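Keep in mind that the numbers below use all heavy atoms, side chains included, and drop hydrogens, waters and symmetry copies. Everything numeric in this text was worked out from a predicted model, so none of it was measured. In what follows, every chain begins at residue 1, and chains take the letters A, B, ... in the order their sequences are listed.
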There are 2 protein chains.
Amino acid sequence: MTNVNHTHDVSTMCQYCEQRFTSVLCRAKHEFLDEMNSQKVCNIYKKGQTLFNEGSHPFGVYCINSGKVKLAHLGDDGKEQIIRLLKGGDVIGYRALLSGDRYSASAVALEDTQVCFIPKELFTNILKSDASLAFEMMKLLSDELHKTEMKLTHLAQKPVRERLAETLLFIKETYGFEEDGITLNVRLSREEIANLVGTATESTIRLLSEFKRDNMVELDGKKIKIINQKKLARTANLQD
Amino acid sequence: MTNVNHTHDVSTMCQYCEQRFTSVLCRAKHEFLDEMNSQKVCNIYKKGQTLFNEGSHPFGVYCINSGKVKLAHLGDDGKEQIIRLLKGGDVIGYRALLSGDRYSASAVALEDTQVCFIPKELFTNILKSDASLAFEMMKLLSDELHKTEMKLTHLAQKPVRERLAETLLFIKETYGFEEDGITLNVRLSREEIANLVGTATESTIRLLSEFKRDNMVELDGKKIKIINQKKLARTANLQD
DNA sequence: GCAGACCAATGACTTTTATCATATTACTAA
DNA sequence: TTAGTAATATGATAAAAGTCATTGGTCTGC
């Protein structure tokens, strides 16, 4: 976890951040951006490292600059349920902070990830004085709620096969392809995919093999290539 | 659907509303409360009537004064998934409105329900000018998101038996008991309970019979009495 | 009160999915 | 390199849950 906060280094300033057009936080008014810039702490988390743990108290929010992060609950029996996948421009940790709860999920880097930390007080102060940012945050929360509700319905009503196909397409939507235009641009273990789908690891492995047999995907270690997206979408039985 | 908006009738004024201490909307500043009071439209929906339908455009938000409402998605195969149960003081319809989407779920009265409708423009204007109300709305959204994420995890990881027990306790938390202190204060069909749990109607019926055999509940038509809440909680295997 | 519709209950059966066991392959560290 | 560990793959089996079919009950409107 390397601290890379050099306030005068242009590369770490919010005003010049690569994510300044995508992240909600960067829609704050200029005065607040300046303040955020001076108070934030930037860190690099190596693959597998934890940004925060389920059950601990939030001290602020995290803005992902680059990299990939998974957000996951630990079920009662110790099984992980992946709730969200995050990338550059995404903000995490606001849910618990706004509710006044402890974190209800853990955030773990899926690859080396650069993150800016904004302290709690600053974040809430900005929200309280910048109505339009508050409105954006509400939109973000609403979208997240909507997505989660849809996942809930699908989990309740769709068979594993459809959910896996849907999840592969979701991963593609989130992280896109590599330069070759077919390889999913993230390395997830079969277990992690299973924890995203909400099924057993073996079921995921079996179905991935079927998808391969049916020429929808190609498998090469942890690399997953989508070679027939249409067919995969049909398998997912999407209509929304 | 009877219109009961008599602006000068004290019984329908926000300032004197029974829910004025429980509902988020009533935490708006006084000036906005006055405006809400003059612009709102109050209606009574009879049991089974629809407040709004999945797929239609939101024109405002609904504040429940009294009664009970279910919020449900329609799955691709036409199966209903109940997302939320609502009661007096709850606000619905804000999710779609904030996201700028159409409604992603339908709201149906579970019994005769009195509702105030606040037009879209007023609602968004108030949110944009009343930062503390906006903050409360964010809290509300965060809580809702949290609950939905927990449901998702349980749906993915817990067997139907545990989820049904959990759902019965959730209904009790939401609507409480009747005067006798044991009968759930809402009438839901077995199918609706199944759609809340995320399972088949027959499975719900079967398990309810088991719960009865094991002296956890008593069944009397649609009335469900919880006679051993401890045992039910153990069956639900709750730890959070 | 009665017919018709709807809902609840239950048995029989099927399908889906999880679990367990065991290879096989890939990855890691000495 | 090589041993050792972890991840993937696949078969066999078990358990869970869904579907279908039938019956009896309850409610509703005529």
(request) For B:K70, check salt bridge (charged side-chain N to carboxylate O under 4.0 Å, His left out) against everything at least two apart and list the hits. (result) B:E80, B:E192
(request) Could you pull out all residues at least two apart from B:Y103 that satisfy ring-ring contact (aromatic ring centres under 6.0 Å, His included)? (result) B:F52
(message) Counting only heavy atoms and a strict 4.0 angstrom limit, can you tell me which residues of residues 68-75 of chain B come near DNA chain C?
(response) none
(message) Using five pairs at each end of the helix from C:dG1-D:dC30 to C:dA30-D:dT1 to define an axis, what is the angle between those two axes, to 10°?
(response) 50°
(message) Measuring only between side-chain heavy atoms, which start at C-beta, is A:L238 closer than 4.5 Å to A:K158?
(response) yes
(request) Would you check if A:L110 and A:Y175 make a side-chain contact, meaning some heavy-atom pair closer than 4.5 Å? (result) yes
(request) Would you please name every residue forming a side chain to side chain contact (heavy atoms under 4.5 Å, CB included) with A:E210, sequence neighbours left out? (result) A:R161, A:L207, A:R213
(request) Identify, with sequence neighbours excluded, every residue that meets side chain to side chain contact (heavy atoms under 4.5 Å, CB included) alongside B:A165. (result) B:F211, B:L232, B:T235, B:A236
(request) Find the distance A:D220:CG to D:dA7:C1' and express it as a whole number of Å. (result) 15 Å
(request) With sequence neighbours excluded, tell me which residues meet side chain to side chain donor-acceptor pair (under 3.5 Å) with B:R190. (result) none
(request) Report yes if the side chains of A:K147 and A:F170 come closer than 4.5 Å at any heavy-atom pair, otherwise no. (result) no
(message) Reading DNA chain C in the 5' to 3' direction, which nucleotide is the first one with an atom under 4.0 Å from a heavy atom of chain B, and which is the last?
(response) C:dC7 to C:dA12
(message) Restricting to side chain to side chain contact (heavy atoms under 4.5 Å, CB included), what partner residues turn up for A:R187, sequence neighbours left out?
(response) A:E178, A:T183, A:K222, A:K223
(message) B:S99: which residues meet the side chain to side chain contact (heavy atoms under 4.5 Å, CB included) condition with it, sequence neighbours left out?
(response) A:S142, A:D143, B:R95, B:D101
(request) Would you mind building the protein contact string for nucleotides 8-24 of chain D? One character per nucleotide, 5' to 3', B for base within reach (heavy atoms under 4.0 Å), S for sugar-phosphate only, - for untouched. (result) SBBBB----SSBB----
(message) Holding to salt bridge (charged side-chain N to carboxylate O under 4.0 Å, His left out), I want the full list of residues that pass it with A:E218, two or more places apart in sequence or in another chain.
(response) none
